[in-house]
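One structure below.
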Amino acid sequence: MLGPVILAASRSDKMRRFVSAAPGTKQVVDRFIAGETVEHVIPIVEDITGRGLEVTLDVVGEDITTVEQSYAARDAYLELIGRLKELGLGECAEMSVKLSMFGQALEGGHELALANVRPVVAAAAEIGTTVTLDAEDHTTLDSMFAIHEELRKDFPQTGCVIQAYLFRTEEDARRLAANGSRVRIVKGAYKEPASVAIQDKPGIDKAYVRIMKILMEGEGYPMIGSHDPRLISIGQELARRAGRKLDEYEFQMLYGIRSEEQNRLAAEGHRMRVYTAYGTDWYGYFMRRLAEKPANLLFFARSILTKG
């Protein structure tokens with residue numbers, strides 16, 4: 001029941017100021033955010049990839065309000081790609097982008113976001129990696145999928161994300177699984193109305209399994225974004241039944257969560273990618289992490305109480 005409340009708070013400037021000023025916040029933020037700058041995150045990327053895992057990198061900060069900020073977001077990703085190129089990390093580090101950060105919600109936002117993300121996708125391709133378009137709230141998805149389709153004309157490896165809790169997602173999964181694209185499935189971390197999204201956890205889990213089955217039986221490359229041991233086990237079984245080799249799908253987990261399980265899956269030969277976020281505008285990302293799992297919220301609350 002706390003999840004929707006926390007998601008609502010993620011849009012509150014008053015809560016943003018309170019959380020940012022709380023004495024225990026930094027300790028918890030550091031658990032989920034890998035640093036504020038490229039120079040902070042690069043050693044973490046080197047550590048993760050040195051342990052046989054891969055990464056997808058997210059420069060946080062989707063709540064932009066000006067065109068200039070959208071250009072700054074584009075340039076931040078281009079700077080990141082330049083550093084990955086210098087260090088030869090392109091093949092094991094991809095990027096995850098939120099189109100809202102590239103101006104999708106501004107006037108003329110669809111065209112602006114496409115214009116901003118295209119050079120990022122092109123630069124990623126030049127160093128042997130790719131970009132995945134993150135899913136946001138349901139009102140943005142038609143635009144996201146249209147941009148994904150447009151980018152794939154020149155960069156067919158471009159990925160996208162689908163969210164199990166939305167009623168539309170099974171149909172989206174069938175369409176995407178049929179054309180060889182890279183698709184990450186997640187449960188969903190935005191506050192959505194009952195008219196468009198499943199509201200109960202058992203229902204979301206059942207939808208997640210149905211969608212995994214569609215992806216595993218399709219022609220695309222499934223990316224299973226989950227920390228749930230049961231769903232991970234089901235994903236392994238669905239892959240086996242579909243005749244997929246270990247390099248024909250992957251698991252993804254968030255930086256700072258279930259690190260031992262990440263290492264275990266990699267040691268078993270699975271492709272394991274760590275979703276690693278960094279940047280100064282961490283609030284929205286951080287609040288969604290709290291909403292996803294009560295244990296994260298309890299950890300935060302304990303940190304505030306012990307530091308206050």
When you compare the side chain of [Y] with that of [X], does any pair of heavy atoms fall below 4.5 Å?
X	Y	result
F145	L176	yes
Y249	H270	yes
R168	V196	no

Kindly compute the distance separating CD (E136) from CE (M144), expressed to the nearest 0.5 Å.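 So the gap between those two atoms works out to 8.5 Å.
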
To the nearest 0.5 Å, how far apart are CZ in F167 and CG in D172?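 The CG atom of D172 is 14.0 Å from CZ of F167, to the nearest 0.5 Å.
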
Between M272 and F251, is the side chain to side chain contact (heavy atoms under 4.5 Å, CB included) condition met? List the steps. CA-CA 5 Å; M272 178 69 239; F251 293 103; 4.0 Å; yes

Which residue in the set L57, L151, V120 passes side-chain contact (heavy atoms from CB on, under 4.5 Å) when paired with V131?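 Testing each of L57, L151, V120 against V131, the sole residue satisfying side-chain contact (heavy atoms from CB on, under 4.5 Å) is V120.
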
Which of these, I204, I198, D205, sits in a side-chain contact (heavy atoms from CB on, under 4.5 Å) with K201?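 Going through I204, I198, D205 one by one, the side-chain contact (heavy atoms from CB on, under 4.5 Å) with K201 is satisfied by D205 alone.
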
I'd like to know whether E237 forms a salt bridge (charged side-chain N to carboxylate O under 4.0 Å, His left out) with R241, so could you lay out the CA-CA distance, the side-chain angles of the two residues, the decisive distance to 0.1 Å, and finally the verdict. CA-CA 6 Å; E237 177 61 19; R241 292 181 185 180; 3.0 Å; yes

Donor on one side chain, acceptor on other, [X] and [Y], under 3.5 Å:
X	Y	answer
R184	Y275	no
D228	S226	no
Q104	S143	yes

With a cut-off of 6.0 Å (strictly less than), are more than 12 heavy atoms of other residues, nucleotides or ligands near [atom1] of [X]?
X	atom1	value
E248	CD	yes
K213	NZ	no
E107	CD	no
E260	CD	no
Q199	CD	yes

Salt bridge (charged side-chain N to carboxylate O under 4.0 Å, His left out) evaluation trace for K85 with E126: CA-CA 9 Å; K85 179 180 180 180; E126 287 179 3; 5.5 Å; no

State yes or no: do I211 and V161 share one hydrophobic cluster built from I, L, V, M, F, W and Y residues joined by side-chain heavy-atom distances below 4.5 Å, directly or via other members?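 The answer is no; the residues belong to distinct hydrophobic clusters.
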
Side-chain heavy atoms under 4.5 angstrom apart, residues restricted to Ile, Leu, Val, Met, Phe, Trp, Tyr: same cluster for M216 and V209?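 Cluster IDs for M216 and V209 match.
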
Give the C-alpha distance, both sets of side-chain angles, the deciding distance and a yes or no for side chain to side chain contact (heavy atoms under 4.5 Å, CB included) between D137 and T140. CA-CA 6 Å; D137 74 80; T140 68; 3.8 Å; yes

Determine whether R264 and E261 satisfy the following criterion, salt bridge (charged side-chain N to carboxylate O under 4.0 Å, His left out), listing intermediate values before the conclusion. CA-CA 5 Å; R264 184 188 70 80; E261 178 68 359; 2.6 Å; yes

One pair to check against side chain to side chain contact (heavy atoms under 4.5 Å, CB included): Y255 and I44. What are the steps and the verdict? CA-CA 10 Å; Y255 172 77; I44 291 173; 3.6 Å; yes

Show your reasoning for whether side chain to side chain contact (heavy atoms under 4.5 Å, CB included) applies to M253 and I232. CA-CA 11 Å; M253 295 186 192; I232 291 168; 3.4 Å; yes

If the threshold is 4.0 Å, N to carboxylate O, is there a salt bridge linking R174 and E170?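 A salt bridge links R174 with E170.
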
So, are R152 and E149 salt-bridged, with charged N and O less than 4.0 Å apart?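 Answer for the salt bridge query: no.
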
Those residues that, when tested against T129, pass side-chain contact (heavy atoms from CB on, under 4.5 Å) (two or more places apart):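 T129: side-chain contact (heavy atoms from CB on, under 4.5 Å) contacts with E94, M95, A124, I127.
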
Mind checking salt bridge (Lys or Arg N to Asp or Glu O under 4.0 Å) for E46 and listing every partner two or more places apart, or none if nothing turns up?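 With sequence neighbours excluded, E46 shows a salt bridge (Lys or Arg N to Asp or Glu O under 4.0 Å) to no residue whatsoever.
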
